[in-house]
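Bear in mind that the values here come from a model prediction, so they are computed numbers and not experimental data. Positions are given from 1 along the sequence.
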Amino acid sequence: MAYRWVYSEPEREESVRLLQQQLNVPEEIARLLAIRGIESFDDAKSFFRPESQKLHDPFLMKDMEPGASRLAEAICNHQKVLIYGDYDVDGTTAVSILYTFLRSFGIDVHYYIPHRFKEGYGINPDGIKHAIDINADLIVSVDCGITAVKEAKVAKENGIDLIICDHHTVGDEIPDAVAVLDPKRPDCNYPFDGLSGAGVGFKLVQGTVSKLGLPKTLPNQFLDLVAISIASDIVPIVEENRYLMRRGLKMINSEPRLGIKALLNRIKIPPGSVSTSSIVFSIGPRINAAGRMGDATAAVELMISEDETKADKYAAELEKINIRRRTTDSETMEQAVDMLENNYNVENLSTMVLHHPEWHLGVIGIVASRLVDAYYRPTIMLSTVEGKIKGSARSIKGFNIYNALKKCEDLLEQFGGHEFAAGLTMDADNLDEFRKRMNSIGFQKLSDNDFLPELQIDANLNLEHVGPKFWKLLSQFEPFGPGNMRPVFVSKDVCIEGVPSIVGNGHLKFKVRQNGSAILDAIGFNMHEYLPMLRKCDSGQMDVAYVLEENYWNGKRSIQMRLKDIKVHN
């Protein structure tokens, strides 16, 4: 896919020169910092050494005082507590944190996670009924509950207290609960609103520990689970999350809990080598697979395990579920591509609305994202469940999918989401009209240029500067993620050394040099279609967009380019 290269610019160009002088770093490093809003030595110190900053006081969060006091009361009086969570990685890690914390006091604690397909997301009547049936004194919801106005009322009518820990957007009405902890509340003055659901649960643990007069370091045992939630839930890895992520990664690499250790062993990730990418592409998907395929219990049981045999059992179960999820995922992707190629002219579509009655609800969101990557059009994948059409939508820059669905609400029974992702339900009779209307809305909002994805470039980089010192500085930008993405560089007029080739399953590989620099390896995953163009390149020169990464092969480490795009000189 061709890209429009768009260069990031710092708010103030003079910040680049100032940082270069104050920090004694290359211009490219100073530019990366300035683009991230870092303009002074002190800013840079906080960025590179987040451990030097303190976590925010949990009691700055609205309702933390009554929330922490109520949970401390439940512990002191040995009351029965139900932890209610979501079925994704953020929800299951949050449940595991609160469950393990409360279990350590020997109180009667239970957890409840709704079935993805039978119950759906959030606090529901079945969950409240379960709390009533077990005679729970208190429900603590994590990663959900901010819109559970009716359910909060039912719990209160049945004499059950409720503490809500959420991080999603607040609705028109706040549920009537003992405490509603959500840094996105308009009336909440907490300094950072980017916490994950597990992060909010962690803050409740901090507050409760304070109320109990216990050591302030006690909650740090949960930082590994908080880090997994941050990386997997795509929250910004800046400010407090950067601190939590750094500390959590360190814990995973040095002293992982039994369940995480069993999972790392199962997927053969060497001890000490876990990164944000490891969580996003290996750990997170396996934890998430259980909920995607229906029941997230195995994920929670893995993370709360106190026995090696049990931990290994649940790690093996998650691996099996994930293999099944991947197979379903691949089959669905093949069917969707076949449907597009044989039944539609993609050039005539502004939005791709695809329906198959047997597609698995747990994977169609992933497939929709992959289709967006492949065709760069807003994509809606739909299945049929009990006579109703349900599905997931994913979008592109410049097209607010939630607003588009709002314009179709007369055709929909239910929908919700945000700018780039949404879910929806409709009657089967409305599908054709929905498809036509979405296509019309897309062409009204999007121009031809919008269907060409942007590649955000951080800086031009002379390959002569790439070496161990530069790599050491660049490594200190980690952990990467939203708000601090891995930098994308451009190097111009580079020359190919030797003969480009295809390795593995369609990966482009060659060596490059620029103006007498050292030779660097370059690899472009799934970029085999570029090979004929490179071999026909008369000048032998091109501009390349890439990220730098460390390659470990046959016991040797080296810096290599992972290509994002290539522009060959004619």
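E240 and K203 are joined by a salt bridge, as a carboxylate oxygen and a charged side-chain nitrogen come within less than 4.0 angstrom of each other. Salt-bridge annotation for D43 and R36: absent, with no side-chain N of the basic residue lying under 4.0 Å from a carboxylate O of the acidic one. Salt bridge absent: R31 and E28 never bring a charged side-chain N and a carboxylate O closer than 4.0 Å. Of the charged side-chain nitrogens involved, none lies within less than 4.0 Å of a carboxylate oxygen, so that D176 and K153 do not count as a salt-bridged pair. Under 4.0 Å is where a charged nitrogen must lie from a carboxylate oxygen, and between E386 and K388 no such pair does.
Judged purely by atom type and a 3.5 angstrom limit, R377 uses its side chain to pair as donor or acceptor with the backbone of L349. With hydrogens and angles ignored, the 3.5 Å screen pairs a side-chain donor or acceptor of S369 with a backbone N or O of G365. Not a single donor-acceptor pair under 3.5 Å links the side chain of T276 to the backbone N or O of A231. Counting only distance, with no hydrogens or angles, the side chain of E119 and the backbone of H115 share a donor-acceptor pair below 3.5 Å. Of the possible polar contacts, none joining the K390 side chain to the L361 backbone as a donor-acceptor pair under 3.5 Å is found. Judged by distance alone, with hydrogens and angles left aside, the side-chain atoms of D166 form a donor-acceptor pair with the main-chain N or O of I146 at under 3.5 Å. Counting only distance, with no hydrogens or angles, the side chain of H528 and the backbone of L508 share no donor-acceptor pair below 3.5 Å. Looking only at distances, a side-chain donor or acceptor of S232 sits under 3.5 Å from a matching main-chain atom of I228. At distances below 3.5 Å, at least one donor-acceptor pair connects side-chain atoms of R437 with backbone N or O atoms of K407. No donor-acceptor distance shorter than 3.5 angstrom exists from the side chain of K118 to the backbone of G294, with no hydrogens or angles considered.
Residues V142 and L98 form a side-chain contact, since some pair of their non-hydrogen atoms from C-beta on lies under 4.5 Å apart. Using a 4.5 Å cut-off on side-chain heavy atoms (C-beta onward), N430 and L412 make no contact. Two residues are said to be in side-chain contact when any heavy atoms from C-beta on lie closer than 4.5 Å; F434 and V353 meet this criterion. Using a 4.5 Å cut-off on side-chain heavy atoms (C-beta onward), I380 and L424 make contact. With contacts defined as side-chain heavy-atom distances shorter than 4.5 Å, the pair L33/F477 qualifies. Side-chain contact between W359 and L354 is present, with at least one heavy-atom pair separated by less than 4.5 Å.
Across every non-hydrogen atom of D450 and K445, the tightest pair is OD2-O, 4.0 Å. A pairwise comparison of heavy atoms in C188 and D182 identifies CB-O, 3.8 Å as the closest pair.
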I would like to know whether K436 and E433 meet salt bridge (Lys or Arg N to Asp or Glu O under 4.0 Å); could you show each step before the answer? CA-CA 5 Å; K436 289 176 187 174; E433 177 58 28; 5.1 Å; no

Full working for side-chain contact (heavy atoms from CB on, under 4.5 Å) between V337 and E334: CA-CA 5 Å; V337 170; E334 286 177 18; over 6 Å; no

For T328 and M293, run side-chain contact (heavy atoms from CB on, under 4.5 Å): C-alpha distance rounded to whole Å, both residues' side-chain angles, the deciding distance at 0.1 Å, then the answer. CA-CA 10 Å; T328 306; M293 302 309 282; 4.0 Å; yes

Apply side-chain contact (heavy atoms from CB on, under 4.5 Å) to residues T297 and I113 and explain how you reach the verdict. CA-CA 7 Å; T297 302; I113 297 179; over 6 Å; no

Applying ring-ring contact (aromatic ring centres under 6.0 Å, His included), run through F192 and H56 and close with a yes or a no. CA-CA 8 Å; F192 179 59; H56 298 308; 7.2 Å; no

Do F117 and H360 pass the ring-ring contact (aromatic ring centres under 6.0 Å, His included) test, and can you show the C-alpha distance, the side-chain angles, and the key distance before you say yes or no? CA-CA 10 Å; F117 310 124; H360 196 292; 5.2 Å; yes

D143 vs S229, test: side-chain contact (heavy atoms from CB on, under 4.5 Å). Steps then yes/no. CA-CA 10 Å; D143 194 33; S229 81; over 6 Å; no

Please lay out, stage by stage, how F399 and F420 fare under the test ring-ring contact (aromatic ring centres under 6.0 Å, His included). CA-CA 8 Å; F399 189 76; F420 291 108; over 10 Å; no

Residue pair Y402, F415: steps toward the ring-ring contact (aromatic ring centres under 6.0 Å, His included) verdict: CA-CA 8 Å; Y402 178 84; F415 71 98; 5.4 Å; yes

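A cation-pi contact, defined as under 6.0 Å to the ring centre and within 45° of the axis, links R242 to F47. Cation-pi contact between K567 and W5: present, with separation from the ring centre below 6.0 Å and deviation from the ring axis of at most 45°.
No donor-acceptor contact under 3.5 angstrom links the side chains of S330 and T327, judged on distance only. Under the 3.5 Å distance criterion, with hydrogens and angles disregarded, a donor-acceptor pair is assigned to the side chains of S350 and N439. S440 and Q444 form a side-chain donor-acceptor contact under 3.5 Å, judged by distance and modelled atom types alone. Counted by atom type alone, T425 and E413 present zero donor-acceptor pairs between their side chains at under 3.5 Å.
Heavy atoms from other residues, nucleotides or ligands lying under 6.0 Å from CD1 of I234 number 12 at most. Few gaps surround CD on E341; more than 12 heavy atoms of other groups in view lie less than 6.0 Å from it. Heavy atoms of other residues, nucleotides or ligands lying less than 6.0 angstrom from CG of N343 number more than 12. Within a 6.0 Å sphere centred on CG of D448, other residues, nucleotides and ligands contribute 12 heavy atoms or fewer. For N189, the CG atom sits in a loose shell: 12 or fewer heavy atoms of surrounding residues, nucleotides or ligands are nearer than 6.0 Å.
The CE atom of M339 lies 10.0 Å from the OG1 atom of T332; values are rounded to the nearest 0.5 Å. Atom CG of residue N241 and atom CZ of residue R246 lie 13.5 Å apart, to the nearest 0.5 angstrom. Taking CD1 from I441 and CE from M438, the interatomic distance works out to 5.5 Å, rounded to the nearest 0.5 Å. One finds the CD1 atom of I128 at 13.5 Å from the NZ atom of K156 (value rounded to the nearest 0.5 Å). Going from atom CZ of R394 over to atom OG1 of T379 covers 10.0 Å, rounded to the nearest 0.5 Å. For the atom pair CG (N460) and CG (D543), the distance works out to 9.0 Å, reported to the nearest 0.5 Å.
The only member of I35, I38, L32 that meets side-chain contact (heavy atoms from CB on, under 4.5 Å) when paired with P10 is I35.
Judged as a salt bridge (charged side-chain N to carboxylate O under 4.0 Å, His left out), and not counting sequence neighbours, the contacts of R185 are D63, D187.
Residue pairs that meet the salt bridge (charged side-chain N to carboxylate O under 4.0 Å, His left out) test with at least one member in residues 350-371, sequence neighbours left out, are D329-R370. Under the side-chain hydrogen bond (donor to acceptor under 3.5 Å, both in side chains) criterion, the residue pairs touching residues 83-92 are Y84-N124, D90-H167, with sequence neighbours excluded.
A centroid separation of 6.0 Å or more is found between the aromatic rings of F451 and Y375.
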